[in-house]
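Values below: all heavy atoms of this structure, side chains included; hydrogens, waters and symmetry mates excluded.
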Amino acid sequence: MEKEKPWGLVSEEGVDQNVLNSLSDVLKHHFQILFRTEFLQNPQLHGPKIQALFVWSWPAAEHSLISLLPSLKLVSNGGAGTDHLDVQLINSRGVKVTNTPGAVSNSTADMAMALLLASARRIVESLKNRIEDTILPRSLRGVEVTVSTLGIVGMGEIGYKIAQRSKGFDMKILYHKRTRRLNKEEAVGATYCLRLDELLTRADFVVLAISPTPDATGLISQREVSLMKPEATLVNISGGLVLDQDALVKALQSVTICAAVLDVTHPQRLPRSRLRIALS
């Protein structure tokens with residue numbers, strides 16, 4: 001019976017070992033599984049029998065790996081996004097791509113609020129200063145999140161969950177989306193902004209929570225950043241291409257906006273030289 005099961009290749013990148021063990025137990029009911037590290041020891045031997053590839057984050061189904069899997073039929077991503085996958089390349093080989101919408105919505109919303117709070121209260125800088133000195137300068141005390149204005153670009157599942165969490169801080173919620181979401185809007189007391197520009201000019205914190213589709217590429221560029229308040233903070237949990245990172249760096253260096261927090265970048269792991277520029 002075991003030999004009748006198709007072979008699946010599992011990437012260990014981007015997933016906790018305990019989670020990976022649990023997932024492996026489930027996969028073993030349907031597949032004979034091989035882990036990426038073992039596969040790479042002898043790809044010529046294992047490559048032809050692999051029919052399914054299970055990935056979680058970067059690095060994922062890169063061209064060099066796909067080319068070693070002539071029998072591949074499916075690439076399954078353990079997350080909602082697929083922007084880290086070259087879907088066009090994968091599909092061109094007759095391989096289907098699947099994802100798991102909603103699997104990490106709560107975690108992503110939690111992270112968005114964590115990043116917002118950490119930036120607003122300058123937690124990282126404050127902790128470093130506490131180690132070096134006992135007196136916290138006023139400049140490191142940050143700004144109040146409570147009763148401030150939050151602008152959410154996108155009101156899908158994740159954007160809605162961010163809005164739910166922000167209610168605990170009595171934040172005034174604005175949102176922009178092509179299609180108005182009256183039911184979600186009423187549930188959290190949000191105000192719809194038909195124009196993105198309106199949200200950008202009014203919000204103290206702007207959270208990008210939209211799907212990284214081709215239409216959304218470069219949605220936030222130099223013009224959009226320039227509309228934000230000088231004391232505003234930008235939080236990006238969308239795909240890296242939604243935000244023009246070069247324009248953001250210029251805005252930060254010229255103090256056009258106060259701060260930015262990026263959960264994702266493009267490329268997903270910035271080169272050290274690019275990272276130094278962003279942090280300078």
Side-chain angles (χ1 to χ4, degrees), residues 80-81 83 105 108-109 111-113 115-120 142-167 169-266 278:
D83 54 307
S105 295
T108 305
M111 180 59 71
M113 289 304 297
L115 293 173
L116 187 155
L117 290 166
S119 177
V143 297
E144 290 280 353
V145 171
T146 302
V147 305
S148 62
T149 300
L150 171 65
I152 303 173
V153 182
M155 188 60 96
E157 184 177 10
I158 293 174
Y160 176 63
K161 288 180 179 294
I162 294 170
Q164 287 179 314
R165 286 153 175 75
S166 69
K167 291 294 291 181
F169 293 89
D170 295 323
M171 300 181 82
K172 181 178 181 180
I173 305 167
L174 310 176
Y175 81 98
H176 169 76
K177 188 176 174 63
R178 288 183 178 179
T179 305
R180 189 169 183 175
R181 307 298 295 273
L182 280 171
N183 58 333
K184 294 181 181 294
E185 174 184 322
E186 294 172 356
V188 294
T191 299
Y192 178 63
C193 295
L194 178 62
R195 298 175 62 250
L196 175 60
D197 290 6
E198 179 187 357
L199 180 148
L200 294 173
T201 58
R202 294 173 59 187
D204 300 307
F205 298 92
V206 175
V207 178
L208 306 182
I210 61 176
S211 300
T213 61
D215 289 342
T217 297
L219 178 68
I220 304 298
S221 191
Q222 182 175 353
R223 189 190 77 85
E224 288 73 28
V225 173
S226 69
L227 295 174
M228 295 174 62
K229 297 178 180 180
E231 64 272 19
T233 295
L234 177 65
V235 180
N236 184 26
I237 59 168
S238 302
L241 288 174
V242 171
L243 173 65
D244 184 335
Q245 292 174 168
D246 291 333
L248 176 64
V249 169
K250 291 179 181 178
L252 292 171
Q253 291 175 334
S254 61
V255 201
T256 302
I257 63 174
C258 176
V261 195
L262 310 181
D263 182 45
V264 286
T265 60
H266 182 76

If I compare all heavy atoms of Met113 with all of Ser166, which pair ends up nearest, and what's the gap?
CE-CA, 4.2 Å

Looking at residues at least two apart in the chain, or sitting in another chain, which of them share a salt bridge (Lys or Arg N to Asp or Glu O under 4.0 Å) with Lys229?
Asp204

What verdict does the side chain to side chain contact (heavy atoms under 4.5 Å, CB included) test give for Leu248 and Leu262, after you've listed the backbone C-alpha separation in whole Å, the side-chain angles of each residue and the deciding distance to 0.1 Å?
CA-CA 11 Å; Leu248 176 64; Leu262 310 181; 3.9 Å; yes

Which atom names give the shortest non-hydrogen contact between Ile257 and Ala232, and what distance separates them?
CB-O, 3.7 Å

How close do Glu144 and Phe205 get, counting heavy atoms only, and between which atoms?
O-CE1, 4.3 Å

Is there side-chain contact between Met228 and Val206, with heavy atoms separated by less than 4.5 Å?
yes

State whether the number of non-hydrogen atoms from other residues, nucleotides or ligands found under 6.0 Å of Glu231 atom CD is greater than 12.
yes

Applying salt bridge (Lys or Arg N to Asp or Glu O under 4.0 Å), name anything that partners Glu198, two or more places apart in sequence or on another chain.
Arg202

How close do Ser119 and Val261 get, heavy atom to heavy atom, and via which atoms?
CB-CG2, 3.4 Å

Is any side-chain heavy atom of Val264 less than 4.5 Å from a side-chain heavy atom of Asn236?
yes

Shortest non-hydrogen contact from Tyr175 toward Arg180
OH-CG, 3.3 Å

Would you say that Ile162 contacts Leu150 through its side chain, given a criterion of any heavy-atom pair below 4.5 Å between the two side chains?
yes

Assign the ring pair Tyr192 / His176 to parallel, tilted or perpendicular, where the plane angle (0 to 90°) is split at 30° and 60°.
parallel

Test your reading of the model: is there a side-chain donor-acceptor pair from Ser221 to the backbone of Asp244, 3.5 Å cut-off?
no

Closest non-hydrogen contact found for Ile210 with Leu219 is CD1-CD2, 3.4 Å

Close side-chain approach of Ile173 to Glu185, heavy-atom, < 4.5 Å:
no

Counting C-beta onward and ignoring hydrogens, is there a side-chain heavy-atom pair between Arg178 and Asp215 closer than 4.5 Å?
yes

Lys172 atom NZ, over 12 foreign heavy atoms within 6.0 Å:
no

